[in-house]
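Take a look at the structure below.
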Amino acid sequence: MNGSINIISIDDLNVDQADQELARLAAILGQANHDYHSADTPALDDATFDTLKRRNAAIEVRFPDLKRDDSPTELVGAKPSDGFQKVTHSKRMLSLGNAFMDDDVFEFDARVRKFLGFSDSDGLEYTAEPKIDGLSLSLRYENGELVQAATRGDGEIGENVTLNSKTIADIPHRIENAPTIFEVRGEVYMSTQDFTALNNRQLEAGAKPFANPRNAAAGSLRQLDSAITKSRPLRFFAYAWGEISSSFAPTQSGAMAQLKSFGFQVNDLTKIRQSPTDLIAHYQLIKELRPTLGYDIDGVVYKVDDLELQKRLGFRSTTPRWAIAHKFPAELAWTRLNDIEIQVGRTGALSPVARLAPVTVGGVVVSNATLHNEDYIAGRRGDGAFIREGRDVRVGDWVQVYRAGDVIPKIKDVDISKRDANTAPFSFPEVCPECGSTAVRDDGDVVRRCTGGLICPAQATERLKHFVGRTAFDIDGLGAKQVEQFYADGWIKTPADIFTLKDRYSTGLQQLKNREGWGDKSADKLFSAIEYKRKIPLRRLLFALGIRHVGDASAGLIAGHYGSWALLEHALTSANIGDGPEWDALLSIDGVGSVMATSLIVAFHNDAERASIDSLVGHLDVLNAVQIENVDSPVVGKVIVFTGTMNRMSRAEAKARAEALGAKVSGSISAKTDLLIAGPGAGSKATKAISLGIETIDEDAWLALIDGL
Ligand code: IVH
């Protein structure tokens, strides 16, 4: 799996590489997430999953336009498997954002304070508790009676595991003095001792042992026969709640005490702390205790203690703003660098990948690592500063691999004392290894690129793969593998060829149904799947074209702006880079900057590119972009700008509220602005709004407008 990851330092990624990588990460993490939650057979261990997810999030922060609809950032769990009844959670079961370094903890505290409008000296308390490495479970009590237990599933719909959960000793069947409706959430886990014993029994019985206690717990809870679950020693820690008919405590710590009084196990390493420094001290303590706990934990969770503040802080898509998981670091290992291979991406970027003698790092076998770019291999950064004190990396070297933090796997160091005297520095290719075209490195760019364009098979196939990708044309039965095969045989060279496949290969000498792996049915199915995608929304088409810097989100905004292919095509064809009304119109689209605008115009003015686009569009029926549907909010679909001081909530909180109500919050006033909310001290934005005749209201009027929503 690692072999397919395009592993380049995030700082060095250009937009196309970032785009490609986000697509790959979405596929890898989606699959891993499915395996993790549904199949109990993880291909990625947790630390790898986290680092990949974090890398994905970091790329999204650097390239917000490229965030995909199926972004793993939005992933909470996986769809429930088929064996159990489905349960729709009355309140979504959420995930947690991660902190890996001390700085992340300080930033978390700063974010919370900023959101709440707290100064550094305002008192703010957090709880810090172990992050249990098990699987989350939601227990629903009605009138004190346990009526339902459900796994997280995808966060919205989980599996009904009531019978199985009732076999767990830590889960009370009845609780007293709790609210009438009371959903307790927590973690099902297996102790390390019970895990070892269970695996011994599995081996004796000739059954497959479990990879780790977490998988053993998941596999045991998700048994269709609850007698099996009963025979497995599962435990449960309560740490959160879902729907409750009345509040039962003012603070997180108070709630934990209440949960304990209702008969639940709560973790006694949970402590209240007043500052990030003290949180980190508690993290260090828990980290030291980790080997002695008798159960697996993978970090420490910090939560704002005051529940009123938690409510104000609310959530960002799938994670609360009021909590974060401070994860434990991953491990390091030495191994041999067997080879350096060069991968060529969709835009021709040459990316060096280290092929390693397989080595286990933190429980996972690693055989590939990023080497970022030619400077990195040579021991230099783009600005000439040393990396590894200037030590270069050569084929045959002993290298230290790690999978922590930013990216997995990475090379941390090289042991030159073990280097063979007759090795030579790696010479980075100046021609494309795939097509032999010159590979050039533009001034100021760390990446060397193949200049072959569509002549280069690597670029052409990567473009086709992008074209059929999930957020693009998403043609059933035509994935990366098929595209590669069709390309190799000359059946599909450009996107337009996809739409003539049926004409060319359903009759005559060569037919799709006669190819290996295909038959009457599958061929017909593919032809009709292609037929079906001739009607394509403008946004998808624009994204599928794979124009540099144009990610899915930007494609959506651009499509929304022009509305139809005819208008878009006309505007881009008549646009000039840097000036004129079409250029200004492009830049007026929120999220489109001059780099993206230039890239769009270049693509529409390049003869080969244009011929490919025109020929493709000739086969399509491009659907116009639709406007946002109305929902019950006065600001849905409206472009709103905040300016001046807000007294009743921070700017971040105001923005989050507005976005939650369907508004689009912009930083600047333009003719597209619908509403300006101006607080005291509003300056040029208010003046500009008046001159453009934009409705302007103050904070009180804003709060009145959204009151009760
Ligand atoms: S709080 C709204 N506390 O970690 C947030 N989660 O990565 C609810 N987990 O889905 C979660 N120990 O399965 C929380 N002490 C703890 C936890 C914990 C383990 C799990 C939980 C959650 C996942 C997020």
Side-chain angles (χ1 to χ4, degrees), residues 29 32-33 36-37 45-47 49-54 57 72-78 89-100 108 112 126-139 149-156 158-159 161 170 183-190 213-215 217-218 221 234-244 252-253 255-256 259-260 264-273 279 282-283 286 290 293 295-305 307 309-311 313-328:
L29 289 169
N33 198 53
Y36 184 82
H37 291 277
D45 73 314
D46 291 358
F49 183 85
D50 285 338
T51 43
L52 282 179
K53 196 165 168 191
R54 186 163 187 251
T73 317
E74 314 296 329
L75 273 178
V76 178
H89 297 297
S90 49
K91 285 206 159 185
R92 263 173 75 81
M93 287 187 80
L94 295 150
S95 191
L96 291 169
N98 289 324
F100 293 91
F108 164 67
V112 168
Y126 296 96
T127 56
E129 62 192 282
K131 184 170 184 305
I132 315 298
D133 197 8
L135 71 152
S136 47
L137 186 69
S138 185
L139 304 169
T151 62
R152 181 170 65 174
D154 66 1
E156 265 171 31
E159 293 167 330
V161 289
D170 288 346
E183 278 183 7
V184 177
R185 292 179 175 175
E187 204 84 352
V188 174
Y189 68 101
M190 191 178 281
R214 202 211 79 85
N215 292 107
L221 184 66
L234 293 175
R235 300 174 184 211
F236 181 77
F237 271 129
Y239 52 65
W241 52 95
E243 186 183 353
I244 44 176
Q252 180 75 33
S253 48
M256 295 286 267
L259 286 168
K260 193 169 178 184
F264 293 96
Q265 300 295 322
V266 295
N267 197 292
D268 59 12
L269 287 168
T270 309
K271 294 284 181 269
I272 297 180
R273 292 291 177 259
L279 288 173
H282 193 52
Y283 165 92
I286 293 179
R290 188 182 182 190
L293 294 178
Y295 50 86
D296 279 2
I297 61 172
D298 56 347
V300 177
V301 183
Y302 307 138
K303 298 172 185 170
V304 169
D305 194 37
L307 298 186
L309 297 182
Q310 283 194 5
K311 197 167 152 203
L313 284 155
F315 301 91
R316 267 199 90 253
S317 63
T318 60
T319 56
R321 287 196 188 84
W322 44 264
I324 199 161
H326 190 177
K327 304 297 284 283
F328 294 133

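As a basis for the values below, the full set of heavy atoms in this structure was taken, side chains included, without hydrogen atoms, waters or symmetry mates. Indexing begins at 1, ligand by ligand and atom by atom, following the structure's order. Count residues from 1 along the sequence.
For R185, the salt bridge (Lys or Arg N to Asp or Glu O under 4.0 Å) partners two or more places apart in sequence, or in a different chain, are E183. Legend: residues meeting salt bridge (Lys or Arg N to Asp or Glu O under 4.0 Å) with E129, ordered by chain and number and at least two apart, are K303. Legend: residues meeting side chain to side chain contact (heavy atoms under 4.5 Å, CB included) with T319, ordered by chain and number and at least two apart, are S95, R316.
Note that CG of D133 and CZ of F328 are 10.5 Å apart. Values are rounded to the nearest 0.5 Å.
Classification of the Y283-H326 ring pair by plane angle, with boundaries at 30° and 60°, yields parallel.
Salt-bridge formation is detected for the pair K131/D298: a Lys NZ or Arg NE/NH1/NH2 atom is positioned less than 4.0 Å from an Asp or Glu carboxylate oxygen.
For ligand 1, the 4.0 Å heavy-atom shell contains residues L94, L96, E129, P130, K131, I132, S136, R152, E187, Y239, V301, K303, P320, W322.
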